[in-house]
There are 2 protein chains.
Amino acid sequence: MTPTRNDAPPVDPLATSIRDAGLKVTAPRVAVLTALADMPHVDADTVFRAVRETLPGTSLQAVYGVLGALTGVGLVRRFDPAGSPALFERRVGDNHHHLVCSHCGTIRDVDCVIGAAPCLTPVDTAGFRIHTAEVTFWGLCAECAADPRNSSDPIDSTTHTHSEETP
Amino acid sequence: MTPTRNDAPPVDPLATSIRDAGLKVTAPRVAVLTALADMPHVDADTVFRAVRETLPGTSLQAVYGVLGALTGVGLVRRFDPAGSPALFERRVGDNHHHLVCSHCGTIRDVDCVIGAAPCLTPVDTAGFRIHTAEVTFWGLCAECAADPRNSSDPIDSTTHTHSEETP
DNA sequence: GTCTAGTTTTGAGTTATTCAAAACACCACT
DNA sequence: AGTGGTGTTTTGAATAACTCAAAACTAGAC
Ligand SMILES: [Mn+2]
Ligand SMILES: [Mn+2]
Ligand SMILES: [Zn+2]
Ligand SMILES: [Zn+2]
């Protein structure tokens with residue numbers, strides 16, 4: 001026995017988060033956030049190709065702009081591992097860290113042991129006012145470690161033997 | 001009363017380190033190592049300009065090649081902070097970490113509290129065989145923190161108000 | 001001294017990203 | 001509901017950092 005009329009616009013939590021961050025709600029922004037919802041740690045071009053599926057007119061530059069805007073207001077986090085283009089994810093505000101496979105580039109989240117940022121502080125801060133400790137663990141992912149070709153010399157960012165999952 | 005003749009070539013520790021690493025000793029390689037000796041955390045182009053002073057014919061591509069070769073054998077360390085080109089330094093083998101000013105890009109070394117790499121290990125390694133934990137502390141350097149213009153919003157990688165010292 | 005694998009030069013190409021001007025659209029206000 | 005203005009996106013171009021490849025050269029083994 002709900003009323004027959006319902007004029008209230010559907011409360012889209014994605015749109016609300018964008019508006020609450022002080023940004024205008026636009027189709028490219030919603031599409032980028034939606035794409036990031038099910039693909040963590042993807043580069044701008046991967047986001048671009050995903051967005052194109054639902055919003056074909058979108059330009060790559062728009063995706064760069066949207067990612068920059070969303071990162072600027074804290075709705076998206078940007079992460080720049082050496083040897084990879086910048087990666088983006090929606091998991092923000094929990095100061096977690098990353099495992100990167102130095103062979104295939106696969107990335108996994110690791111929870112921060114300490115919790116709040118900065119989770120670590122150096123003994124001598126050299127006068128810096130530190131706000132973040134970024135920790136990147138480099139190693140071989142289970143799949144790459146299992147491959148006997150990778151048993152020697154674990155540091156190798158040039159050859160990728162198995163398909164990359166991210167991105 | 002030393003003998004009048006001394007045919008033994010002067011033992012250049014730089015050349016020796018290159019040879020001991022299994023690489024041929026060449027002028028560009030010595031020049032790059034020499035340049036890095038008094039400039040820590042510099043990018044390839046800065047090394048290139050320094051090398052040109054003593055070895056004018058050297059090409060930028062040679063510098064990239066030398067830096068890659070020296071990094072490959074562990075004589076030089078490469079470090080890739082977000083928003084900056086790759087930086088190189090001669091301080092290797094001690095697994096130290098870095099402080100980066102998010103405003104002006106200044107970099108300072110910080111000793112690793114633990115010592116040997118990987119100095120940290122995540123609670124859940126997700127099957128990774130970890131060999132390195134890279135820690136980058138982001139914050140405002142003393143100079144940037146003193147500037148009242150930077151008192152609000154500490155994260156700002158777009159505007160640089162004072163001269164950058166590195167690189 | 002000669003030879004050769006390793007290195008550098010020369011020249012070009014690529015990737016990831018940024019910049020700028022013009023067209024467009026969200027939404028505050030009437 | 002219509003309109004205006006500012007923030008956003010498109011269109012088009014440029015850039016920085018780096019990589020690739022072939023030809024010329026050279027350190028060091030013999
Ligand atoms: Mn993550
Ligand atoms: Mn250092
Ligand atoms: Zn892997
Ligand atoms: Zn600074």
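Computed from a prediction, not measured in an experiment: that's the story for all the values here. Heavy-atom basis, side chains included; hydrogens, waters and symmetry copies ignored. Letters A, B, ... mirror the listed sequences (proteins, then strands); counts begin at 1.
Side-chain N/O atoms of A:His96 and A:Asp109 include a donor and acceptor closer than 3.5 Å. Remark: the A:Asp43 side chain and the A:Thr46 side chain contain an N/O donor-acceptor pair separated by less than 3.5 Å.
When each of A:Arg19 and A:Arg78 is assigned the nucleotide of DNA chain C bearing its nearest heavy atom, the one mapping closer to the 5' terminus is A:Arg78. Nearest-nucleotide mapping onto DNA chain C: of A:Ala86 and A:Val25, the residue sitting toward the 5' end is A:Ala86.
Atom C1' of nucleotide D:dT8 and atom CZ of A:Arg29 are separated by 6 Å, given to the nearest angstrom. Between B:Leu70 atom CG and C:dG6 atom C1' there is a gap of 14 Å when expressed in whole angstrom units. The distance from atom CZ of B:Phe48 to atom P of C:dT8 is 14 Å, rounded to the nearest whole Å. Protein atom CG of A:Leu67 is 11 Å distant from nucleotide atom P of D:dT9, rounded to whole Å. One can place CG of A:Leu60 at 15 Å from P of D:dG12, the figure rounded to the nearest angstrom. Counting to the nearest Å, the C1' atom of D:dA16 and the CG atom of B:Leu87 are 14 Å from each other. In this structure, CG of A:Asp43 is placed 12 Å from C1' of C:dT17, rounded to the nearest angstrom. Counting to the nearest Å, the C1' atom of D:dC18 and the CD atom of B:Gln61 are 10 Å from each other.
Phosphate proximity of D:dT9 to A:Thr26: present, with a side-chain N or O under 4.0 Å from OP1 or OP2.
When each of C:dC27, D:dA17, D:dC20 is scored by its nearest atom to the side-chain atoms of A:Lys24, the top-ranked nucleotide is C:dC27. If you check C:dT9, D:dC18, D:dA13 against the side chain of B:Tyr64, the one that comes closest is D:dC18. Considering only side-chain atoms of A:Leu23, the nucleotide from C:dT7, D:dT19, D:dT8 that sits closest is D:dT8. For A:Thr58, whose side chain is taken as the heavy atoms from C-beta onward, the closest listed nucleotide among D:dT10, D:dT9, D:dC18 is D:dT10.
Considering only heavy atoms from C-beta on, B:Thr16 stays 4.5 Å or farther from B:Val25 through its side chain. With contacts defined as side-chain heavy-atom distances shorter than 4.5 Å, the pair B:Asp124/A:Val110 does not qualify. At least one side-chain heavy atom of B:Ser102 sits less than 4.5 Å from a side-chain heavy atom of A:His131.
Ring pair A:Phe79/A:His98 is parallel by interplanar angle, where below 30° counts as parallel and above 60° as perpendicular.
For the helix from C:dG1-D:dC30 to C:dT30-D:dA1, the rotation axes defined at the first and last 5 base pairs enclose an angle of 30°, given to the nearest 10°.
Between B:Asp111 and B:Arg91 there is a salt bridge, since at least one side-chain N of the basic residue sits less than 4.0 Å from a carboxylate O of the acidic one.
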